[in-house]
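Let me begin by presenting the structure, written as structure tokens, before commenting on it.
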Amino acid sequence: MEMKSERAANKYLEGYNCSQAVFCTFCEELGMKEEDAFKIAEGFGSGMGALGDTCGAVTGMFMTISYANSNSDGEDLKATRKDTYAKIRKSAQLFQEEHCSLYCRELLKEKRGNKTEGCAKCVKDAARIVEKFLNEEV
């Protein structure tokens, strides 16, 4: 059985942007249609709309963790916010420990501009971190 991190990397290599590759990999667990996740994540690739800012794989990771953790019952709009923010900070720390940055432009410099190798690895690692959160290993 293909691991989620491998599935995410394959989605990226098939043409999904980095954010879509991570977010769409977890649609089933989130109870979301993949086409909806694909549309939501489209503008976050290549560092937030190709601005080179926060890595798209990281934003896909953040969106997945947030969607899985948030309680949107309409009653207490802040019920899970503090916990979600803590999980986002922890996931960012784990990613940064492996890649030294959260920023696309810096990650590409580090990988010498090799988007296929560098970005696919970022996607794979972000998906692996999401799996740890969903399996409550973090």
Exercise. Take L30 and F23 through the side-chain contact (heavy atoms from CB on, under 4.5 Å) test and state the conclusion after the steps.
Key: CA-CA 10 Å; L30 300 175; F23 195 42; 3.8 Å; yes
Practice problem: Show your working on side-chain contact (heavy atoms from CB on, under 4.5 Å) between C122 and Y12 and close with a plain yes or no. | Solution: CA-CA 10 Å; C122 288; Y12 175 76; over 6 Å; no
Exercise. Give the intermediate values and the outcome of side-chain contact (heavy atoms from CB on, under 4.5 Å) for residues K33 and C27.
Key: CA-CA 6 Å; K33 293 191 313 188; C27 287; over 6 Å; no
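Cluster membership for I40 and M48, using ILVMFWY side-chain heavy atoms within less than 4.5 angstrom, is shared. Linking Ile, Leu, Val, Met, Phe, Trp and Tyr residues whenever their side-chain heavy atoms come within less than 4.5 Å leaves M32 and Y16 in two separate clusters.
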Distance-only donor-acceptor hits, side chain of residues 128-137, under 3.5 Å, sequence neighbours excluded:
from: R128; atom 1: NH2; to: E98; atom 2: OE1; distance (Å): 2.6
from: R128; atom 1: NH2; to: E98; atom 2: OE2; distance (Å): 2.4
from: N135; atom 1: ND2; to: E131; atom 2: O; distance (Å): 3.2

For residues 81-90, which side-chain donor-acceptor pairs fall under 3.5 Å, sequence neighbours excluded?
from: D83; atom 1: OD2; to: N69; atom 2: ND2; distance (Å): 3.1
from: D83; atom 1: OD2; to: K87; atom 2: NZ; distance (Å): 3.4
from: T84; atom 1: OG1; to: N69; atom 2: ND2; distance (Å): 2.6
from: T84; atom 1: OG1; to: T80; atom 2: O; distance (Å): 3.0
from: K87; atom 1: NZ; to: N69; atom 2: OD1; distance (Å): 2.8

With a 3.5 Å cut-off and sequence neighbours excluded, list the donor-acceptor pairs that the side chains of residues 49-63 form with protein atoms.
from: D53; atom 1: OD1; to: R105; atom 2: NH2; distance (Å): 2.5
from: T59; atom 1: OG1; to: S19; atom 2: OG; distance (Å): 3.3
from: T59; atom 1: OG1; to: G56; atom 2: O; distance (Å): 2.9

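Interatomic distance, N71 CG to K78 NZ, rounded to the nearest 0.5 Å: 15.0 Å. To the nearest 0.5 Å, the span separating NZ on K121 from SG on C119 amounts to 12.5 Å. Note: S101 OG to Q96 CD = 6.0 Å, rounded to the nearest 0.5 Å. Taking SG of C104 as the start and NZ of K109 as the end, the distance is 11.5 Å to the nearest 0.5 Å.
Among M3, K4, E6, the one residue that satisfies the side chain to side chain contact (heavy atoms under 4.5 Å, CB included) test with K124 is E6.
The nearest pair of heavy atoms linking A126 to V22 is CB-CG2, 4.0 Å. Listed here is the closest heavy atom pair of N17 and A41: ND2-O, 3.8 Å. Listed here is the closest heavy atom pair of C18 and S46: SG-N, 3.5 Å. Pairing each heavy atom of L102 with each of A92, the nearest pair is CD2-O, 3.7 Å.
Applying the ring-ring contact (aromatic ring centres under 6.0 Å, His included) rule to Y103 yields no partners; only residues at least two apart in sequence or on another chain are considered. For the ring-ring contact (aromatic ring centres under 6.0 Å, His included) test, no residue two or more places apart in sequence or in another chain qualifies with F26.
Within 6.0 Å of CD in E28 there are 12 or fewer heavy atoms belonging to other residues, nucleotides or ligands.
Listed by first then second residue, pairs satisfying salt bridge (Lys or Arg N to Asp or Glu O under 4.0 Å) with a partner in residues 11-27 read K11-E34, not counting sequence neighbours.
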